[in-house]
Each structure stands twice: as structure tokens, then as C-alpha cells.
Amino acid sequence: MNSIEFGGIGMTSQRTRERLIERLKEQGITNQRVMDVMRVTPRHLFLDEALSHRAYEDTALPIGHGQTLSQPYVVALMTEILLSLGPRQKVLEIGTGSGYQTAILAQLVGQVYSVERIKPLLDKARERLRKLGLRNVRLSHSDGGFGFPDNAPYDAILSAAAPHEVPEELLHQLAPNGVLVIPVGPGDEQELRVITREGDSSNFEERVAEQVRFVPLLNGVTR
Ligand code: SAH
């Protein structure tokens, strides 16, 4: 696990961040560790400068290439669910994007593997995570629709992009009692599904946490 400490001015100040945390609480987020980590993580560093003044609004924001930085509430929700069944050592994230969710996870779990299909996004995320000194993260330019078999199994897998159906490969890469948190569905709005492997069996328990909006999981990689 890792921690970071970074200041900020004006719209990126500690007071602005505090307001965001208050909003997360109002929306039902209860995990104190998740909120503590989100309080100290500078979301503005994950955006282009022209947008950084909006970094602490509870909204998704564009990061280029038609992709978005996830809404803070959704980041908090997915992270809280992922941690709800106890500590997680090894976590796979699909869709690094800006690297913001990656940075949150890196401060709460042992080791994060994160895959992204768009090379320029991955390169920028790598630079940001390096600057923040988060060293328990491995990034890879690959298609997460197949998971990331190299380092499987994972205690948890979190997808920031929505497939039409849950890819079987992801279930096969869960460790005993592992959890997969993934938006699923073909439309603009999807079901956030929480799928838990029962012990070391090949039975899975599934529930829908909430309706969410994610970008689609796409095939292949781009340079
Ligand atoms: N949590 C990120 C969300 C980025 S949006 C953030 O807050 O910045 C989702 C990301 O998933 C996009 O960057 C998109 O390029 C990526 N993505 C979509 N399909 C993918 C796939 N098959 N493999 C890897 N990444 C994928």
C-alpha cells in the first residue's frame, strides 16, 4: 500500500475536496478509508489543465480519445464494494483511462494491475502515477476483455468499461472468494453487477448494485 500527500490551490484546495467528500457521504458512501484516500488524492492532476478547475465536481469529465474520467461517486462506490468482503491483495482494473481509479486502488490494496487499450492514455496515466509515487501499480497496453491472464488469479477485478455480457475469462481469473465489479449492458446506461466467486468453487453469486453510465468495452488495442 502507498499514500500520497499533495496540496492544491483555489478550486483544487483542500476545502473544495472536503465538499466532495461530504457529497459522497450524502449519496451513501460509508467506507471511511475510501473517503480518506479520495480526500488526499489530487483528482485535478488526472485532467488536462483546461478542465482541472472542475476536478472536484461529482461528475464524469472528458480525458480525450472519446473517453471519460469516472464520476467520483462511482469510483467511491466501486471501491467500497470491492473492499466490502475484506482486504484485497491483488486487484485487476480494466480501463486505466486517466489513472484516477488506479491511484485510489493503489492506496487501498496490495498490488494493482491495470490494462488500457488506448496507448496515449496509458502513457499519460503512467506518468501521473509515477509523479504521485505510487509504485504498487503495473500498467499494461492490452485488451482487458480477456482479463490479464499473466498475473491471474485476482482477489478482485474492477472494470471501468461496459461489455454487453460478462466475459467468461474474467470469472476464470478470480481467486477463491474473489469479486468482479463490472457495468454490463449494451445501452448508455448499464447495470453495475457484483459477482462473487463462492470459495474455490466455480459457482458465482451475482447481484445488481445500481444503474450506472460507463463507456463501452471495446475490442483490440490502439496505438
Ligand atoms: N477509471 C477510469 C475510467 C476511464 S473510461 C478513469 O477514471 O479515468 C474507461 C476506459 O476503458 C477508457 O480509457 C477505455 O479506453 C478503456 N477500455 C475500453 N475497452 C477496453 C478494453 N477492452 N481493454 C482495456 N481498456 C478498455
Side-chain angles (χ1 to χ4, degrees), residues 20 24 34 37-38 41-48 51-52 54-82 91-109 112-129 131-132 134 137-152 154 156-170 173 180-186 188-190 192 212-223:
L20 174 63
L24 297 180
V34 172
V37 162
M38 288 186 68
T41 304
R43 190 170 183 253
H44 61 280
L45 299 184
F46 293 83
L47 288 162
D48 288 336
L51 278 171
S52 60
R54 301 189 54 194
Y56 300 94
E57 293 175 16
D58 187 22
T59 170
L61 292 165
I63 52 172
H65 305 270
Q67 305 305 320
T68 54
L69 174 66
S70 303
Q71 181 194 355
Y73 167 67
V74 172
V75 171
L77 177 70
M78 289 176 93
T79 310
E80 177 166 280
I81 292 172
L82 185 143
V91 175
L92 172 66
E93 177 189 33
I94 298 167
T96 317
S98 66
Y100 177 69
Q101 169 84 71
T102 324
I104 301 297
L105 285 173
Q107 297 169 80
L108 292 162
V109 306
V112 184
Y113 298 90
S114 184
V115 297
E116 169 59 55
R117 63 181 290 278
I118 301 176
K119 185 73 166 39
L121 289 180
L122 189 71
D123 291 342
K124 271 197 204 172
R126 192 186 303 283
E127 183 57 21
R128 292 174 179 133
L129 294 165
K131 272 195 191 142
L132 293 175
L134 295 170
V137 179
R138 297 272 160 74
L139 299 180
S140 170
H141 182 220
S142 65
D143 180 351
F146 302 99
F148 193 49
D150 305 30
N151 295 287
Y154 303 98
I157 301 177
L158 183 159
S159 182
H164 291 194
E165 298 292 339
V166 176
E168 282 279 317
E169 285 84 350
L170 301 187
Q173 291 173 28
L180 167 63
V181 186
I182 186 167
V184 184
D188 280 352
E189 198 171 289
Q190 306 95 17
L192 184 64
V212 288
R213 281 170 180 274
F214 276 88
V215 297
L217 186 88
L218 301 175
N219 291 328
V221 297
T222 70
R223 285 266 124 211

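Counting starts at 1 for both ligands and their atoms, following the listed order.
Nearest protein heavy-atom neighbour of atom 20 (C) of ligand 1: R117 CD, 3.3 Å. Here the protein heavy atom with the shortest distance to atom 11 (O) of ligand 1 is G95 CA, 3.2 Å. Among protein heavy atoms, the minimum distance from atom 15 (O) of ligand 1 is reached at E116 OE2, 2.6 Å. In terms of protein heavy-atom proximity, atom 7 (O) of ligand 1 is closest to S70 N, 2.9 Å. Here the protein heavy atom with the shortest distance to atom 23 (N) of ligand 1 is G144 N, 2.7 Å. With respect to atom 9 (C) of ligand 1, the closest heavy atom belonging to the protein is A160 O, 3.3 Å.
In this structure, Y73 OH and M38 CE are separated by 11.5 Å, a value rounded to the nearest 0.5 Å. Between atom CG of residue L129 and atom NZ of residue K124 there is a gap of 13.5 Å, rounded to the nearest 0.5 Å.
Counting atoms of ligand 1 from 1 in the listed order, those under 4.0 Å from a heavy atom of G97 are 4 (C), 8 (O), 13 (O). Here is the list of ligand 1 atoms found below 4.0 Å of a heavy atom in I118: 15 (O). Near S142, meaning under 4.0 Å from one of its heavy atoms, ligand 1 places the atoms 23 (N), 24 (C). In summary, the atoms of ligand 1 found under 4.0 Å from a heavy atom of G145, numbered by their order in the structure, are 22 (N). Applying the 4.0 Å criterion to heavy atoms of V215 picks out, from ligand 1, the atoms 5 (S), 9 (C). Taking every heavy atom of Q101 and a limit of under 4.0 angstrom, the matching atoms of ligand 1 come to 1 (N). Taking a cut-off of under 4.0 Å to the non-hydrogen atoms of V115, the atoms of ligand 1 that pass are 24 (C), 25 (N). Residue contact check: L121 has heavy atoms under 4.0 Å from atoms 13 (O) of ligand 1.
Counting heavy atoms of neighbouring residues, nucleotides and ligands inside a 6.0 Å radius, atom CG of D150 exceeds 12 of them.
Ligand 1 has an N or O atom lying under 3.5 Å from an N or O atom of L218, backbone or side chain. Distances between N or O atoms of D143 and those of ligand 1 include at least one value under 3.5 Å. At under 3.5 Å, not a single nitrogen or oxygen of N219, backbone or side chain, sits near a nitrogen or oxygen of ligand 1.
Ligand 1 does not have S159 within reach: every non-hydrogen atom of the residue lies 4.0 Å or more from it. Ligand 1 has P216 within reach: a non-hydrogen atom of the residue lies less than 4.0 Å from it.
Only side-chain heavy atoms of Q67 come within less than 4.0 Å of ligand 1; its backbone N, CA, C and O stay farther off.
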Residue pair T79, Q101: steps toward the side-chain hydrogen bond (donor to acceptor under 3.5 Å, both in side chains) verdict
CA-CA 8 Å; T79 310; Q101 169 84 71; 2.9 Å; yes
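S98 and L69 make their closest contact through OG-CD1, 2.8 Å (heavy atoms, listed as atom of the first residue, atom of the second, distance). Across every non-hydrogen atom of F146 and Q173, the tightest pair is O-NE2, 3.0 Å. Taking both residues in full, the closest heavy atoms of Q67 and V215 are given as OE1-CG2, 3.2 Å, listed atom of the first, atom of the second, then distance. Closest heavy-atom contact between P163 and I182: CG-CD1, 3.7 Å. Closest non-hydrogen pair, L139 versus L122, comes out as CB-CD1, 3.8 Å.
A distance-only check finds a donor-acceptor pair linking the side chain of Q190 to the backbone of F214 [under 3.5 Å]. Of the possible donor and acceptor atoms, none in the side chain of E168 sits under 3.5 Å from a partner among the backbone N and O of V166.
The closest heavy-atom contact to atom 8 (O) of ligand 1, among the options S140, S98, G99, comes from S98. Counting only non-hydrogen atoms, the option in I63, T96, T68 that gets closest to atom 4 (C) of ligand 1 is T68.
In this structure the side chain of V181 reaches within 4.5 angstrom of the side chain of M78, judged on heavy atoms.
Under the 30°/60° scheme for interplanar angles, the aromatic rings of F148 and Y113 are found to be tilted.
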